[in-house]
**Q** 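Can you read through this structure? Questions will come right after.
In the text below, chain A, chain B and the rest are named by the order of the sequence lines, each starting its count at 1. Everything numeric in this text was worked out from a predicted model, so none of it was measured.
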Amino acid sequence: MSSKLWAFVVPIVSVIIALLISSIVIVLIGQNPIVAYTALFRGAFGSKLAIASVVIKSTPLILTGLAVGFGFRAGLFNIGAEGQMVMGAMIGTAFAINVAWMPAVFAIPLTMVVGMIAGAGYAAIAGFLKAKTGAHEVVTTIMLNWIAEYLSSYVVTVPMGVGFGTPKSPEIANSTKLPPLITVQATELTSGIIVAIIAAIVIYIILEKTTKGYELKGTGFNPYAAEYGGIKISQNIVLAMAISGALAGLAGTLEVMGVHHRFLGTLSGGKGFDGISIALIGQNHPIGIIFAALLMGSLRTGSNEMQFAGVPKHIILIVQAIIIFLVAADRIVRTMFIRKKKVKVS
Amino acid sequence: MRKVLVAILLVAAVVFALGFKVIMVTDVGGLGDKSFNDGTWEGALRAAKEIGAEAQVIQSYEQADYIPNLTKAAQQADVVFAVGFMMTDALFKVAKQFPNTYFVGIDITPPEGQTLPNVVCYIFKEEQAGFYAGYIAAAMTSTGKIGFVGGIPIPPVERFRYGFEVGARIYSTLHKKKVEILRGYTNDFEDPKKGKDLTLAQYAQGADIVFLAAGACGNGGIEAAKEKMVALVGSDKLVDIIDYYTKNKKGYFAIGVDVDQDYMAPGVVLCSATKGISSAGYYGVKAAWEGTFEGGLKILGIKEDGAGVSPMKYTKGMIPNIVIAELEYLTKLIKDGKIVIPDTEDKLKAFQVPSITFPF
Amino acid sequence: MEKAVELIQIVKRFPGVLANDHVDLTVFKGEIHSIVGENGAGKTTLMNQLYGLLRPDSGEIRIFGQKVNFKGPRDAIAKGIGMVHQHFMLVNTLTVAENVVLGSETTRGIIFDLKEAQRKVEKLSKSYGLQIDPTAKIENLPVGMQQRVEIIKTLYRGAEILILDEPTAVLTPQETQELFSILRKLKESGKTIIFISHKLNEVMDISDRITVMRQGKVTGVLNKNETNVKEIARLMVGREIVFTVQKPQAKASDVVLRVENLWVKDYRKLDAVKGVSFEVKKGEIYGIAGVAGNGQSELVEALTGLRKPEKGKIFLLGEDVTGKPVKELRERGMTHIPEDRHKYGLILQYPAYYNMILGRHYVPPFARGDFLDQKKIQEFTAQVFSQFDVRPNNIKMLGMNFSGGNQQKLVVAREMSAKPKLIVVSQPTRGLDVGATEFIHKALIELRDTGVAVLLISMELDEIMSLSDRIAVMYNGQIMGEVDPQQTTIEEIGLMMAGHKFEEVRRF
Amino acid sequence: MRVLTAIWEIFTNPAFYKLTLTAATPFIFASLGGVYSEITGVVNIALEGIMLMGAFVSIVFTAITGNPWIGVLFAIFVGLGMAWLHAWASIKWRGNQIVSGTALILLAQGVTGFLMEPIFGRPGQTDIVGKIPELRIPLLMKNRFLAQSIGELSPMIYIAFGCVALAWFIIYKTKLGLRMRAVGENPEAADTLGVNVYMIRYFGVLMSGIMASLGGAFLSVGEVGNFRELMTGGRGFIALAAMILGNWNPVGAMWASLLFGFSEAFANQLQSSPMLHVASSTKPLFNMFPFIVTLIVIAGFIGKTRPPAADGVPYEK
């Protein structure tokens with residue numbers, strides 16, 4: 001089988017195995033796995049509302065997945081998408097609150113740009129430290145995550161905090177709210193998904209078609225050869241981190257512009273970390289990442305419906321864990337196929 | 001014939017009651033927080049049992065779940081609970097779509113200018129509960145230093161602190177006892193170890209009673225008090241603690257929060273500053289069932305059973321009766337509005353201890 | 001004579017390749033037996049089977065007459081076989097002693113006895129004349145020393161049969177001679193040595209008997225005394241080889257590169273280049289000879305922009321380019337064939353056509369604005385591939401899948417096709433077989449004759465002597481002297497490489 | 001001036017040193033786990049998950065048996081199990097070690113959350129179940145400063161430092177350790193000398209499971225006596241950073257952990273100090289202190305640290 005086909009087969013088989021193993025757990029707690037999975041499926045695809053929810057959930061995941069994946073392609077492990085997302089959302093919001101006078105045509109893209117710059121700048125700190133002093137980006141981005149988290153919870157309680165009871169920023173200007181594509185009751189499927197897909201395509205083009213992509217990937221594969229080839233390593237490290245951070249920052253800004261319409265302290269909710277597994281399930285390929293994010297998003301959305309069927313939400317974490325585990329050790333799945341083939345032959 | 005009629009009515013009632021459904025949507029913390037989610041659920045469940053309604057709880061993982069979960073709940077239920085201040089926006093968006101479903105928001109303040117007839121929001125006068133904590137702590141401290149450990153300084157946490165500080169100030173003015181307050185925040189509601197470390201840091205600086213308004217971090221704080229107390233007393237048995245305290249008039253104590261946490265370390269948790277969360281849950285369901293539901297914001301304080309102090313089941317023996325008596329008198333003054341516990345930082349700064357003469 | 005090793009009808013297949021095609025090999029006890037053949041002839045594969053790293057598909061292995069079936073190197077070691085691999089199998093962060101004893105450690109109870117290990121290494125190094133500091137870290141040792149560690153490793157394990165896979169590829173002439181005297185000493189003490197090489201002079205120098213391989217088959221087994229270089233070469237390549245490089249007189253003209261009093265520090269922040277000055281002219285090959293580790297690598301890195309010099313000036317075409325980045329130097333017409341093609345020369349994960357534009361990926365016709373022009377790139381690569389005869393002729397194959405020789409060709413082709421004004425060439429034929437070496441030598445001379453300035457750094461004295469128009473010798477970071485190859489001898493250069501100044505040498 | 005007095009008071013307060021130790025201990029355990037695994041060439045970002053599992057299991061078995069030490073024992077077993085999964089995927093199946101680690105973190109979060117209800121009858125958190133009592137060393141109790149700083153500590157803190165010594169001994173003084181370092185740096189070289197690369201890596205990863213689960217157990221039965229979902233709160237990642245900061249050396253990791261614990265304790269004490277007049281709302285920012293210190297230390301003073309050369313690369317014969 002070609003490697004391109006494997007890229008699809010492995011995740012699909014992993015999902016099936018994960019569901020099978022989890023069904024044992026479901027039986028153990030006295031529930032019917034068929035009922036549970038029907039609910040899971042219905043919850044993810046059974047209605048307009050469900051599909052809208054899947055898309056809403058997947059949008060930031062596509063972007064954090066791209067952020068981490070892009071870093072990996074350039075040889076960097078950006079574990080800090082979490083913090084960059086928060087910074088993007090925070091500074092994007094600060095901007096969006098104050099531009100009520102601006103027409104949406106300018107306000108919307110500008111807010112996105114501000115969020116991206118914020119994420120990029122924050123990530124560039126780690127890139128700069130790596131380029132300048134060799135500080136390992138895993139350490140610096142982990143530290144920056146915490147700093148961003150503390151900063152954001154401070155910002156929503158004091159400088160930006162409004163209201164009585166809720167640590168939150170004021171609502172962003174109407175002109176910066178993303179127009180919804182479809183509105184299903186209170187659920188607005190915003191145009192954020194379009195931005196995320198465009199981002200994936202742009203990243204694909206950068207990586208595969210441009211000289212910068214050539215340099216970034218080259219640096220990731222072999223920094224020595226890249227340097228020998230006249231590519232400025234430290235510049236590229238900073239740039240790669242910045243692009244990665246811009247994507248994460250965009251994820252945060254879109255959450256504000258499309259979903260919450262204001263900045264909230266715990267906005268990232270682990271999506272930056274989810275980006276790691278999504279990038280890797282998607283094999284660090286922008287298009288693969290879109291699918292991986294949709295898979296993750298639909299599992300999570302569907303799992304809410306599973307709760308109505310009496311299965312606790314944690315089961316879906318276990319399902320996810322097994323899928324990711326099997327994608328990591330994709331040879332397990334491949335071996336299963338090869339063995340099956342042998343059986344057929346004999 | 002009468003019998004049949006009764007039977008039919010009964011069946012109808014049961015069928016109707018079965019059709020009545022309560023769904024509670026939690027915030028990301030979920031059940032088991034020993035606070036809002038647990039308290040609301042307890043109240044809602046009690047009410048549902050009484051009227052024979054069906055009750056279900058749906059947990060949210062992340063903020064993006066609030067709207068879909070509330071929507072799904074609204075499609076199925078007659079009363080939907082939204083628990084936790086993070087759900088404010090989502091609640092009002094969804095409630096607009098379902099005018100025939102009742103919504104109860106717990107710890108939610110309606111966004112500026114928004115009121116819906118089918119949404120009732122409950123918030124609590126934490127400052128009044130905090131007042132008890134402060135007053136008792138000031139009365140009981142042997143070092144003259146008491147501590148406050150907060151989670152994230154969001155308004156409910158801060159209201160606890162305003163009350164705590166005022167309580168201590170009132171005691172120290174009335175009894176001319178110098179009391180200093182140490183303050184710190186874990187910036188977290190989930191991590192018990194952080195709570196423990198911060199509490200110990202305050203003990204290290206001389207505090208002997210620490211008020212824990214930090215969610216699950218508080219459990220760690222209680223454990224910190226217990227550890228210090230055991231080191232002092234040499235035992236964690238209630239009798240030994242009481243013995244030791246009666247003899248030496250000193251010890252290390254924690255003060256619990258939200259619900260009665262005294263049982264978690266008997267004798268070590270001096271008291272708990274409680275909120276009437278479960279009564280909000282209870283009344284929310286009852287009002288919808290009885291048709292007396294009315295939208296708007298309800299702020300529950302001492303008067304409405306929305307704020308108070310635990311019965312101090314284990315520590316009553318240590319707390320002087322005079323303090324209990326004083327508290328009872330002060331409670332009356334608060335209920336009557338003669339003392340207003342401040343609920344903002346500015347009001348706290350401006351707060352003057354009124355002259356109070358106890359009738360005894 | 002006792003047969004130490006017998007390989008009988010060994011067959012080993014890899015996907016798409018028949019690496020060993022019914023190979024027979026007999027090695028007698030106490031002899032030095034060479035196996036020669038071009039890259040890809042199947043020598044290393046054969047030896048890996050003898051050492052238990054690979055298992056033959058069919059055939060039989062006998063050691064001292066006893067049939068063996070190795071499941072891994074551990075079994076081979078137990079039978080007294082030791083192997084020194086072409087890529088050293090050393091743990092860089094550990095010390096010499098630790099590397100030597102790894103896998104069969106000296107212990108005291110559960111404690112690893114480092115002192116004892118050091119003692120044993122010391123003892124071994126004394127008894128075979130292999131001078132080494134057992135407490136030195138591998139990463140701080142020059143390659144020649146690292147090779148000694150490899151040999152000591154096998155001796156420590158009681159090896160009776162030593163396999164050395166292209167051991168001289170990385171050595172200077174002096175180091176090679178030292179290695180040979182060590183090998184002779186080992187032979188005297190009764191060890192059997194299998195020596196793999198394609199350098200025929202060396203093979204003739206050291207061997208007792210020679211087995212020649214070509215394309216997975218044995219093409220001849222010869223006694224050294226009954227053969228000559230020409231015969232071996234014919235058996236090896238399948239045709240006659242010209243050994244002397246034919247070149248017209250150089251027409252050197254304007255100065256292209258001028259280096260003035262250059263000082264460079266190495267990665268340990270120690271002075272590696274200490275005040276070097278020289279000039280390279282248009283249309284000449286300027287050779288720098290010297291034993292490895294005398295500052296040549298740092299000099300090259302400084303010249304090509306990979307390392308910042310401490311002091312001194314570098315002029316390219318009359319302009320000061322000291323400390324300029326690689327990109328600018330390349331734009332000014334300098335290209336570079338690096339010493340270590342795996343580390344610097346190629347991005348192994350990239351296809352050949354991407355590797356072919358490294359360093360020029362951002363200039364037309366390969367780039368249009370910020371975008372790569374895939375079509376132009378591939379056309380260009382296809383053309384260069386046929387011009388330089390890179391095999392297989394598949395421009396989409398990943399760099400890592402080319403053989404070592406063709407990887408080097410890729411690099412050479414790229415750097416030469418960039419129309420340089422100055423090309424810095426470092427160890428261009430290291431590890432290459434005769435055919436490829438010949439090809440690259442010719443290409444360098446052709447380049448020179450089109451008016452390019454060539455700076456050649458090599459540790460292969462033959463290469464330097466036959467290619468260069470002027471030769472400088474480096475020792476301890478300094479240039480010992482500059483000579484004309486036509487008016488000097490190998491001995492003279494050898495003395496300078498050992499640290500004697502030109503003036504002293506001429507006085508001898 | 002008041003700030004300086006406050007800082008002076010912190011440093012002269014013996015309890016501060018005790019708090020430094022208790023804050024550092026989970027990082028010491030877990031970062032040692034990282035060292036064991038990565039020194040043999042297997043990246044283990046699952047530390048966070050294994051810690052969480054360790055915290056949970058030790059509480060479960062403490063609740064069942066009433067003896068926290070038995071809880072710790074079972075935590076070790078489960079930690080081994082988790083580590084084995086990681087080893088199996090990344091060594092046997094040569095899987096992507098980062099992905100496998102991420103999966104284990106999710107698995108731990110899922111399993112611990114899922115089992116709360118069946119075992120404790122309610123989700124979220126347990127009551128205070130019980131913990132290992134502190135060990136009082138009479139000899140140290142004579143001096144007031146020593147008594148309050150190190151006179152009375154959780155025995156697990158001593159165990160943590162014992163583990164540092166043990167790790168140092170194993171890695172640098174035994175033949176096993178030599179092989180571990182060799183395998184992490186150049187597995188091929190080790191393989192050609194007959195060292196069983198897979199076995200050594202399994203050992204490293206399994207040891208990391210033991211260490212990380214001890215770190216988790218310390219949090220629950222060693223410190224707070226209860227379990228709360230996600231109570232590890234990212235400490236596994238901080239431990240990872242401590243390991244890198246300590247340059248993949250057990251002693252270095254210990255110092256990095258201590259630095260972190262020190263700044264955490266410092267931040268706690270400083271923000272609580274009555275000497276300091278800071279608005280309550282800005283006090284949470286004090287909690288950033290350890291992270292900023294780490295950032296400055298790694299950027300300014302340590303810079304380049306060098307991972308084992310084969311770290312994260314699956315070994316294929």
Side-chain angles (χ1 to χ4, degrees), chain A residues 43 47 49-50 52-61 146 149-154 156-158 161-168 170-171 183-188 255 258-262 264-271 274 297 300-301 303-308 310 312-314 316-317, chain B residues 23 25-28 30-31 56-76 84-98 105 107-112 121 123-124 151-159 185 187-189 297 299 343-344:
Chain A
S47 64
L49 178 68
S53 306
V54 169
V55 174
I56 290 172
K57 259 185 205 257
S58 306
T59 304
L61 295 179
W146 288 92
E149 192 194 313
Y150 285 150
L151 207 59
S152 76
S153 76
Y154 169 72
V156 287
T157 45
V158 186
V162 290
F164 192 66
T166 314
K168 63 187 174 191
E171 205 165 278
T183 305
V184 189
Q185 288 153 346
T187 302
E188 288 176 351
E255 285 288 276
V259 184
H260 304 301
H261 294 159
R262 55 171 99 237
L264 306 155
T266 49
L267 181 123
S268 57
K271 291 189 191 75
D274 292 336
R300 291 196 178 165
T301 311
S303 72
N304 284 329
E305 187 82 20
M306 259 164 79
Q307 288 190 61
F308 285 90
K313 67 169 180 174
H314 291 102
I316 217 67
L317 283 173
Chain B
I23 296 182
V25 179
T26 74
D27 65 2
V28 289
L31 273 192
Q56 196 172 21
V57 60
I58 300 300
Q59 312 218 1
S60 308
Y61 308 92
E62 51 169 314
Q63 290 167 358
D65 285 334
Y66 294 154
I67 288 182
N69 281 350
L70 285 171
T71 307
K72 256 177 257 166
Q75 286 164 347
Q76 300 183 12
F85 51 79
M86 300 304 267
M87 295 173 84
T88 309
D89 292 344
L91 171 66
F92 277 82
K93 270 188 192 156
V94 174
K96 244 179 252 166
Q97 306 284 331
F98 295 92
D107 199 26
I108 286 175
T109 322
E112 306 78 52
C121 291
I123 61 168
F124 305 89
I152 301 171
I154 53 172
V157 169
E158 287 298 83
R159 289 198 293 267
Y185 295 84
N187 209 25
D188 196 297
F189 287 113
L297 175 65
I299 306 174
D343 59 356
T344 63

**Q** About how many Å separate CH2 of A/Trp146 and CG of B/Asn187, when rounded to the nearest 0.5 Å?
**A** 10.0 Å
**Q** Chain B heavy atoms under 4.5 Å from A/Tyr154: which part of the residue, side chain, backbone, both or neither?
**A** neither
**Q** Which region of B/Ile58, side chain (C-beta onward) or backbone (N, CA, C, O), has a non-hydrogen atom less than 4.5 Å from a non-hydrogen atom of chain A, or is it both or neither?
**A**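 Both parts, heavy atoms under 4.5 Å.
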**Q** Measure B/Ile23 against the heavy atoms of chain A and call it side chain, backbone, both or neither at under 4.5 Å.
**A**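 The side chain, not the backbone.
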**Q** Which bit of B/Phe98 comes within less than 4.5 Å of chain A, counting heavy atoms only: side chain, backbone, both or neither?
**A** side chain
**Q** Quick one: are A/Arg262 and B/Asp89 in side-chain contact, heavy atoms under 4.5 Å?
**A**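 In contact.
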**Q** Considering all heavy atoms of both residues, which atom of A/Thr157 and which atom of B/Pro153 are nearest to each other, and what is their separation?
**A**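 For A/Thr157 and B/Pro153, the tightest heavy-atom pair comes out as CG2-O, 3.6 Å.
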**Q** Can you name the closest pair of heavy atoms from B/Gln76 and A/Phe308 and give their distance?
**A**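 Distance-wise, the nearest heavy atoms are OE1-CD2, 3.6 Å.
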**Q** Answer with side chain, backbone, both or neither: which region of A/Glu171 has an atom nearer than 4.5 Å to a non-hydrogen atom of chain B?
**A**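 For A/Glu171, no heavy atom lies under 4.5 Å from chain B.
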**Q** Go through B/Val94, B/Val57, B/Asn69 and name the one with the most non-hydrogen pairs under 4.5 angstrom from chain A.
**A**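 Sorted descending by pairs with chain A, the first entry is B/Asn69.
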**Q** Do A/Lys57 and B/Glu62 have side chains that get closer than 4.5 Å, going by heavy atoms?
**A**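 They are in contact (side-chain heavy atoms under 4.5 Å apart), so the answer is yes.
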**Q** Check each atom of A/Ser53 against the heavy atoms of chain B and say whether the ones under 4.5 Å are side chain, backbone, both or neither.
**A**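 Only the side chain of A/Ser53 comes within 4.5 Å of chain B.
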**Q** Does the pair A/Glu188/B/Lys93 count as a salt bridge with the N-to-O cut at 4.0 Å?
**A** no
**Q** Provide the closest heavy-atom pair for B/Lys72 versus A/Thr301 in the form atom of the first, atom of the second, distance.
**A** NZ-O, 4.3 Å
**Q** Just verifying a value: how many Å separate B/Asp65 CG and A/Gln307 CD, rounded to the nearest 0.5 Å?
**A** 8.5 Å
**Q** Say you draw a straight line from CD of B/Gln97 to OG1 of A/Thr183; how long is it, rounded to the nearest 0.5 Å?
**A** 8.5 Å
**Q** A/His261 versus chain B, heavy atoms under 4.5 Å apart: side chain, backbone, both or neither?
**A**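 The answer is the side chain of A/His261.
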**Q** Can you tell me how far CZ of B/Phe189 sits from OG of A/Ser153, rounded to the nearest 0.5 angstrom?
**A** 9.0 Å
